Amino acid sequence: MIERLRGVAAWAGVQPRPAMGRMVHAFIGAVFGIFMTGFVMHRWAAGQPVSVPLLVAPMGASAVLLFGVPASPLAQPWAIIGGNTVSALCGVFWMRVLGDPAYAAGLAVASAIVMMSLLRCLHPPGGAVALTAVIGGPAIVAAGWSFAVMPVALNCLLLVGAGWLYNAASRGNYPHHAKHFTAPATAPAAGYTIADLEAVLAQYDELLDVSSEDLDTLFRQVEGRAYRRLHGVIRCGQIMRTDATTIAPEATLDEARQALAVHGESLPVVDADGHVEGLLRADRLALADGTPATVATVMDGSPAWQRPTRRSTNCCLSFRADSIARRWWSMARGSSWA
């Protein structure tokens with residue numbers, strides 16, 4: 001049942017839960033932005049006869065983008081100011097040409113989308129502005145071309161200014177600029193360029209709500225983390241086995257021969273406390289054939305025997321990494337200590 005609900009949520013595009021700090025930041029910013037826009041507009045128009053609204057409704061949608069997702073390309077100053085203003089002009093144009101809101105509404109929104117795309121200022125609330133110019137009522141229709149300037153363009157300028165002040169005060173990044181990421185000096189040259197990234201984005205044939213510069217910064221950081229993980233310092237704990245077969249130093253030679261016959265040419269010798277005492281090799285065991293002895297008498301002593309600071313029962317080998325690991329490997333292959 002839970003998996004089915006998750007599938008429905010993924011199909012419906014349910015968004016991940018944002019951080020509480022992000023929501024508080026957006027809440028305070030929206031209050032400040034809308035209040036300042038409305039306050040300045042009313043102070044400016046005080047005592048003057050104004051027939052159109054001083055604060056148009058689509059500014060609320062613009063505030064959602066500006067303070068909710070300030071890094072989005074749809075929330076940048078040119079998108080808000082240019083997109084809303086050109087959309088208002090589209091709505092006024094079709095209303096003047098057709099005169100009937102029933103016919104002008106669809107053409108106003110559609111032409112607003114095209115014009116915003118051509119001017120590279122796509123802003124979703126612009127569709128609402130174009131529709132407002134058509135169905136906003138007799139006062140807005142009568143205002144004509146001036147509606148695009150006052151209140152729309154003036155509202156946008158005030159809202160963007162408030163957003164800039166708020167983000168500057170809260171150390172935000174608005175207008176958003178992708179932070180340049182410098183890869184570690186040891187990392188190899190990246191296998192792609194920004195041109196490659198833009199070419200892939202073009203294949204989607206749709207607008208993705210993220211800039212190519214932000215994607216490039218993100219991918220560079222992922223590459224850097226992956227490089228450090230794959231080629232950074234490799235410790236023994238990352239590659240050693242904790243389930244290795246061992247033999248006790250007091251074991252008899254017959255027991256040692258049986259163990260080596262099953263597990264290979266060498267075995268680590270570990271005492272009851274889990275401390276490494278040495279290495280038992282098949283060639284050393286062969287030299288002791290016929291001599292009653294224990295493993296402790298024929299094993300090779302540890303080249304870097306070191307007591308661990310904490311007792312362990314899972315046979316974690318405690319030794320210095322590089323040189324010791326090579327010497328143990330050479331011993332396991334039957335070579336000399338040198």
Side-chain angles (χ1 to χ4, degrees), residues 13-44 54-88 116-117 119-129 150-184 194 197-198 201 204 206-225:
V14 176
Q15 300 170 359
R17 184 186 300 276
M20 180 58 67
R22 180 68 256 172
M23 290 189 290
V24 172
H25 185 272
F27 175 85
I28 299 174
V31 171
F32 175 74
I34 294 297
F35 172 78
M36 289 301 298
T37 302
F39 177 77
V40 173
M41 289 295 297
H42 279 82
R43 292 291 295 177
W44 172 76
L54 294 177
L55 182 64
V56 291
M59 291 302 105
S62 295
V64 171
L65 290 171
L66 175 56
F67 299 103
V69 282
S72 170
L74 306 178
Q76 301 313 299
W78 173 236
I80 295 176
I81 300 171
N84 284 331
T85 302
V86 73
S87 296
M116 286 189 291
S117 299
L119 294 175
R120 302 173 64 180
C121 58
L122 189 65
H123 186 61
V129 173
M150 206 295 290
V152 174
L154 192 54
N155 279 185
C156 293
L157 288 169
L158 291 172
L159 185 64
V160 168
W164 178 79
L165 287 174
Y166 176 71
N167 280 278
S170 60
R171 297 184 179 181
N173 181 19
Y174 186 84
H176 178 74
H177 298 286
K179 297 179 180 178
H180 180 69
F181 174 74
T182 304
I194 192 69
L197 188 58
E198 291 176 346
L201 292 175
Y204 280 84
E206 58 182 294
L207 177 67
L208 298 181
D209 193 12
V210 61
S211 68
S212 56
E213 290 79 10
D214 285 333
L215 285 176
D216 180 58
T217 299
L218 177 65
F219 292 161
R220 302 289 182 189
Q221 291 178 346
V222 171
E223 281 186 337
R225 290 181 64 88

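Below, each value reflects all heavy atoms present in this structure, side chains not excepted, and no hydrogens, waters or symmetry copies. Predicted, not measured: the structure shown is a model, and the values here were computed from it.
Panel note: side chain Tyr166, backbone His25; a donor-acceptor pair is recorded below 3.5 Å. Listed for the Asn84 side chain is no donor-acceptor partner under 3.5 Å among the backbone atoms of Cys156.
Counting heavy-atom neighbours within 6.0 Å of Arg22 CZ, excluding the residue itself, gives a total above 12.
No side-chain heavy atom of Val31 sits under 4.5 Å from any side-chain heavy atom of Phe67. Contact of the Asn173 side chain with the Pro70 side chain is not registered, since no non-hydrogen atoms from C-beta on lie closer than 4.5 Å. Contact check for Leu158 versus Met36: no side-chain heavy atoms found under the 4.5 Å cut-off. Residues Leu54 and Arg43 have side chains not in contact (no heavy-atom distance under 4.5 Å, counting atoms from C-beta outward). The closest side-chain heavy-atom distance from Cys121 to Gln76 is not below 4.5 Å. A 4.5 Å side-chain heavy-atom check between Ser117 and Leu122 finds at least one atom pair inside the cut-off. Taking 4.5 Å as the limit, some side-chain heavy atom of Thr37 sits within range of a side-chain heavy atom of Leu55. Taking 4.5 Å as the limit, every side-chain heavy atom of Trp78 sits out of range of all side-chain heavy atoms of His123.
Residue Ser87 comes nearest to Gly127 through the heavy atom pair OG-N, 4.4 Å, listed as atom of the first residue, atom of the second, then distance. Of all the heavy atoms in Ala63 and Leu159, the pair that sits closest is N-CD2, 4.0 Å. Shortest non-hydrogen contact noted between Ala162 and Gly33 is CB-CA, 3.8 Å.
One finds the CE atom of Met116 at 9.5 Å from the CG atom of Leu74 (value rounded to the nearest 0.5 Å). The distance from atom CG of Asn155 to atom CD1 of Ile80, rounded to the nearest 0.5 Å, is 12.0 Å.
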